[in-house]
Amino acid sequence: DVYWFPRHISELDLVANRTLDAGVDLESDHPGFHDTEYRARRAQMAENAQKHIWNKPIPRVQYTQNEKDVWSAVWDKMEGLLEQHACKEYLESMELMKKHCGYSRNDIPQQEDISAFLMEQSNFRMRPVAGLLSSRDFLNGLAFRVFFCTQYIRHHSKVGGSMLPTFLFKWMVVLYLLYSILITIIFCRVDSCTVLQPLYTPEPDICHELLGHAPMFADRDFADFSQEIGLASLGASDDDVQKLAHCYWHSVEFGLCQQDGKNKAYGAGLLSSYGELEYACADDHPGADEPPTIKPWDPEVAAHQAFPITTYQPVYFLAESLHDAKQRMRTYCEGLQRPFFALHNAQNDSIHID
Ligand code: H2B
Ligand code: FE
């Protein structure tokens, strides 16, 4: 007995609709829970995703000024740090994406444009999804060189979605700023957190997907690497899916690779989090008491390495290169016990069983 899995890319339309609960309805502790406008926005984008058909254009979203401000705030925080700590493949793609698919500080790029660009670069594509999928469903998409990608942006405030009149809110910001300055002076340290900085997000959003993941998929080795995990997940046992999800976490989300004698980030969780990017890559590992443990990339080890989801990672895996990461992943997947080998036919977007 083998788990059902999609055989043709069109079947990902069914998979995309199997979001885990919180994907569509916000939980009561979500920062946007009390913000009716935000919830309506989320519902609208969930509908976009659910109605999407794989070979139709991805609907464009008219982002509001408020949403663009969130994007700019994250962009400003990340830009300089990415220059220092992102791997060169990321930086090269990012330059191209600024030219060809609308990446900029002041505007949010559209999934359709990114997808078209990735198709040209590495035959990878995006498809909208309303929220979190199970590991199995999510990884199955990668087998088809498809990345399930959310379209909404994180809520602009981490203080529980303000229902206050704007003027009162502004005064609170002013008071808060004065207060932080005072605290900063008193304790003689830099307080980098202000009320309007959307630093915290309980789920993936476009800041994470488009700033963290998308540029990496333009790299052939990385795209192949991701597909390798996806192919191994098709029809796999729950146990193996869990191992693959751990590998995914320690690479696609938090992977490091060696470049010019430095540890550079290729994982999207790092590339979209300024605090953790520095913690993982800077020589002095700022931001936590303990420096992280850095292990050489070995899928066999990563597959069993537990990880926290709400704090910085205590363990990172360092690859020699993206090419080497892919080779090791391939070897690992070949060693998994399976009744068949799944091959992807890019001509007709289907899976061939051997
Ligand atoms: N679902 C969605 N929509 N986006 C993700 O990035 C994601 C997911 N990641 N489901 C998966 C789970 C990942 O954490 C691994 C494979 O479990
Ligand atoms: Fe992610």
Side-chain angles (χ1 to χ4, degrees), residues 3 5-6 12-26 42 45-46 48-50 52 58 74 78 86 90 111 114-115 124-144 146-154 200-217 222-223 225-234 236-255 265-273 276-277 280 299 302-310 313 317 329 332-333:
Y3 278 94
F5 61 89
L12 294 183
D13 289 350
L14 306 172
V15 173
N17 281 334
R18 303 204 291 221
T19 46
L20 308 176
D21 286 350
V24 181
D25 287 315
L26 305 188
R42 290 289 296 261
M45 284 187 224
N48 260 0
Q50 280 154 356
H52 182 67
I58 300 168
V74 175
M78 295 309 303
Y90 176 92
Q111 228 184 85
I114 297 169
S115 193
F124 227 89
R125 71 184 100 185
M126 300 278 196
R127 89 142 273 155
V129 71
L132 277 180
L133 296 174
S134 70
S135 294
R136 178 182 296 279
D137 284 346
F138 182 80
L139 295 178
N140 279 188
L142 297 176
F144 294 84
V146 170
F147 181 69
F148 287 109
C149 185
T150 54
Q151 262 186 317
Y152 56 82
I153 197 157
R154 64 194 60 182
Y200 166 77
T201 170
E203 69 220 322
D205 76 329
I206 50 173
C207 297
H208 171 70
E209 317 275 43
L210 308 188
L211 281 179
H213 286 289
M216 287 309 303
F217 286 114
F222 183 82
F225 173 95
S226 307
Q227 185 181 26
E228 208 61 60
I229 300 182
L231 287 167
S233 78
L234 298 173
S237 65
D238 286 333
D239 199 38
D240 283 353
V241 167
Q242 214 209 353
K243 289 181 194 159
L244 293 165
H246 277 64
C247 288
Y248 177 92
W249 184 270
H250 294 297
S251 57
V252 179
E253 292 294 351
F254 291 98
Y266 73 90
L270 296 174
L271 295 166
S272 60
S273 156
E276 189 160 2
L277 182 58
H304 298 281
Q305 179 71 56
F307 53 84
I309 57 170
T310 55
Q313 299 300 306
F317 286 86
M329 196 65 223
Y332 177 74
C333 291

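This one's a predicted model, so the numbers in the text were calculated from it and none came from an experiment. Whatever order the structure lists ligands and atoms in, that order sets their numbers, starting from 1.
- Gln227 places a side-chain N or O within donor-acceptor distance of the main-chain N or O of Ala143, the cut-off being under 3.5 Å.
- Proximity of a side-chain donor or acceptor of Asp13 to a complementary backbone N or O of Ala16 within less than 3.5 Å is not detected.
- The aromatic rings of Phe217 and Phe147 sit tilted relative to each other, their planes meeting at an angle between 30° and 60°.
- Judged purely by atom type and a 3.5 angstrom limit, Arg127 uses its side chain to pair as donor or acceptor with the backbone of Ala49.
- Closer than 4.0 angstrom to ligand 1 lie heavy atoms from Val129, Gly131, Leu132, Leu133, Ser135, Phe138, Leu139, Ala245, Tyr248.
- Note on His208: its N/O/S atom closest to the Fe ion (ligand 2) is NE2.
- Here Glu253 reaches the Fe ion (ligand 2): one of its N/O/S atoms is less than 2.8 Å from the metal.
- Looking only at distances, no side-chain donor or acceptor of Tyr248 sits under 3.5 Å from a matching main-chain atom of Ser226.
- Between Phe307 and Phe254, the gap from one ring centroid to the other reaches at least 6.0 Å.
- For the pair Gln111 (side chain) and Ile58 (backbone), a donor-acceptor distance under 3.5 Å is absent.
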